[in-house]
Amino acid sequence: MSKLSLHTFSRLAVDLMRWRLVVALTGAFAASTIAHAENLGDAENGKRLYQECRSCHAIGRNAKNKVGPHLNNLFGRKAASVEGFRYSKSLERQAAGGLEWHIDTLHAFIENPTQVASGTRMRYRGMKDPQDRADLMAYLRQFSDSPANISEADPTADAEDHDLSPEILALTGDPEYGEYLSGECTTCHQAGGEDRGIPSIVQWPEDVFVIAMHAYKNKTRAHPVMQMVAGRLSDEEIAALAAYFAGQELE
Amino acid sequence: MKLDRRAFMGTSAAVAAALAAPMVRAAGHGKPRVVVVGGGAGGATAARYIAKDSKGAVDVTLIEPTRTYYTCFFSNLYLGGFKEIEDIGHSYGTLAASGVNVVHDWAVGVDRGAKTVSLAGGATLGYDKLILSPGIDFVDGAVQGWDLSAQNAMPHAYKAGSQTELLKAQLMAMPEGGTFAMVAPPNPYRCPPGPYERISMIAHFLKANNPTAKIIVADPKPKFSKMALFQEGWADHYDGMIDWIGEEFGGGDVSVDPGAMTVTISGEETKVDVCNVIPAMKAGRIADIAGVTDGKWAPVNAADMSTKADPDVYVLGDASQQGDMPKSGFSANSQAKVCANAVRGALTGSKVFPARFSNTCWSLIDTNDGVKVGATYEATPEKIAKVDGFISKTGESSDVRKATYEESEGWYAGITEDMFG
């Protein structure tokens with residue numbers, strides 16, 4: 001049975017919104033052993049909803065950690081416990097306080113990650129509809145409760161909302177050139193993958209990196225420094241940076 | 001006297017890495033040798049990148065007298081009470097562990113014919129490529145009445161460390177309702193927004209601890225970096241506390257008396273309690289000794305930061321005269337990576353990519369009120385030329401300003417990791 005520490009409770013209980021979460025979590029925890037089976041939703045719809053997650057989280061056969069940890073065997077897993085993934089201190093504190101991933105805790109986390117771990121590196125606005133969350137978890141559950149299924153499941157499918165031409169996405173970047181160009185990035189984005197005021201870009205999936213940089217370049221993403229930096233990068237240079245950062249090993 | 005280079009190896013790990021690395025032959029001796037003078041944003045970055053990227057194929061020695069490097073950037077935040085002095089101090093141990101031979105000594109001579117650098121401790125080091133990143137020194141006689149012997153009475157605090165701590169101590173000891181004076185430097189100088197961020201941070205400190213105190217700034221310039229942003233911030237946060245006397249009101253006509261603690265601006269003498277004199281600047285002395293300066297600064301080629309005087313001697317950062325980039329830690333770090341790529345290419349045959357530079361300077365005006373200015377640059381045959389730029393806007397929302405400050409904290413973590421590993 002998972003539980004949050006007293007310390008966590010006192011921190012969470014600072015305002016009404018957070019009170020509601022505490023009440024919800026407490027109630028859910030009490031019922032969690034019987035709730036698991038009944039609370040699962042429509043896995044097909046969940047698979048569709050998972051497109052929101054897939055740019056950062058891999059799941060299925062050969063899934064590896066990307067920007068976020070892989071999600072195989074998520075259910076029943078202790079929080080912040082995937083080997084080789086560098087978690088926020090905030091989530092590690094929650095894990096030390098006993099946080100485990102079950103339907104109830106996942107409901108709260110996916111609804112708004114910062115409610116559960118205020119300093120989490122998971123930059124996700126949250127999924128507000130409880131039915132959507134249940135559907136998503138039904139999908140995720142396929143990769144947890146029956147390991148035999150995992151080998152049959154496809155790795156994360158490809159589909160994204162963007163206007164980028166397939167030619168640009170298909171460019172193969174030169175990682176050596178990317179490494180040189182990355183000097184312009186690592187003055188601000190920490191090479192070690194820490195996130196302190198400026199997000200980590202280490203091990204970003206190449207396509208996500210390319211889409212983001214082109215969005216800065218055409219100024220659909222707002223940030224003056226990034227618009228300026230991306231503004232003078234050619235398509236090949238963006239591909240080179242994407243190749244370099246995607247393949248970068250954490251020290 | 002010639003010293004065995006192995007005696008300089010920082011750690012046994014560095015020895016092991018160096019011995020295990022493949023040998024690349026340079027003219028006349030074994031491994032190609034790079035000597036870097038000055039372990040700041042330019043020198044530390046260049047040394048680390050060459051050592052890291054050549055994977056031991058180049059012997060890199062960094063000469064830096066201090067054992068702890070205090071960053072000038074964020075030192076104003078220490079004055080304002082936002083950082084502790086330890087927060088801006090960095091050890092060279094990580095560089096030694098990554099294969100850079102760190103020598104704590106002063107470089108006192110350069111023989112460009114023999115390609116050697118001599119150290120105050122008596123040693124002589126040979127080089128194939130010499131990178132000078134000595135930062136700034138002050139122009140003698142720049143402020144009437146002030147010289148380095150007066151730096152305890154009237155600190156410059158423009159090389160971070162003990163001077164910064166001294167200025168903070170004087171600030172804390174100011175009598176109630178006292179007067180703080182700054183003599184601002186003429187262009188060009190290290191960190192264009194630096195004096196004005198400092199004024200903001202001192203005002204922040206005084207507002208909380210000594211709210212009837214006054215600040216006077218004597219400035220030889222008619223305008224300064226991010227002027228509209230600072231003046232807006234000063235009016236919003238520190239109304240009536242700061243008296244900025246620019247060129248048109250005689251701010252350039254200034255003399256000081258460190259014994260009597262007076263400042264005379266355009267003939268009018270004022271008794272002050274603390275006086276921060278930031279004199280006119282020039283390249284750190286070793287650039288002059290090496291004979292690569294022309295006037296106060298060392299002219300360099302934009303493509304690789306090599307000096308106009310000698311293709312095997314490079315100058316980075318504040319000491320260089322390169323064109324459009326401001327003298328900043330960010331600029332020095334950016335130039336160092338271009339230089340490292342070119343030097344490694346020349347010594348090992350690795351691929352050399354075209355130069356590209358960038359800079360951003362963040363300044364803090366008050367709690368969670370950060371602003372920034374930045375630009376990208378390219379190498380032309382004449383100089384480092386600006387490509388594109390941006391600056392924070394007056395009247396921005398507090399959310400934007402807070403995010404800008406948080407971004408500067410991220411940048412600090414990023415650049416110090418980039419410098420020291």
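A, B, ... follow the sequence lines: proteins, then strands. Residue 1 opens every chain.
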- Evaluate the side-chain contact (heavy atoms from CB on, under 4.5 Å) criterion for residues A/Gln190 and B/Ile415: first the C-alpha distance (whole Å), next the side-chain angles of each, then the deciding distance (0.1 Å), finally the verdict. CA-CA 8 Å; A/Gln190 283 182 267; B/Ile415 191 173; over 6 Å; no

Exercise for review: Decide salt bridge (charged side-chain N to carboxylate O under 4.0 Å, His left out) for A/Glu179 and B/Lys351; before the verdict, give the C-alpha distance in whole Å, the side-chain angles of both, and the deciding distance to 0.1 Å.
Suggested key: CA-CA 12 Å; A/Glu179 181 173 13; B/Lys351 203 165 171 186; over 6 Å; no

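Between B/Trp411 and A/Val225, the closest side-chain pair of non-hydrogen atoms is not below 4.5 Å.
The backbone N or O of B/Lys337 lies less than 3.5 Å from no partner atom in the side chain of A/Tyr180, so there is not a single donor-acceptor pair.
In this structure, OG1 on B/Thr376 lies 4.5 Å from CZ on A/Arg232, to the nearest 0.5 angstrom. The structure places OH of B/Tyr412 at 14.0 Å from SG of A/Cys188, a figure rounded to the nearest 0.5 Å. Note that CD of A/Glu176 is 4.5 Å distant from CZ of B/Phe353, once rounded to the nearest 0.5 Å.
Residue contact with chain A, scored on non-hydrogen atoms closer than 4.5 Å, involves the side chain of B/Asn333 exclusively.
B/Arg356 and A/Leu233 make their closest contact through NH2-CD2, 3.3 Å (heavy atoms, listed as atom of the first residue, atom of the second, distance). Summarising the geometry of B/Tyr49 relative to A/Gly183, their closest heavy-atom pair is OH-CA, 4.2 Å, with the distance given to 0.1 Å.
Heavy-atom pairs under 4.5 Å with chain A peak, among B/Gly374, B/Ser334, B/Ala375, at B/Ala375. Listed options B/Lys372, B/Glu409, B/Met419 were ranked by heavy-atom pairs under 4.5 angstrom with chain A; first place goes to B/Lys372.
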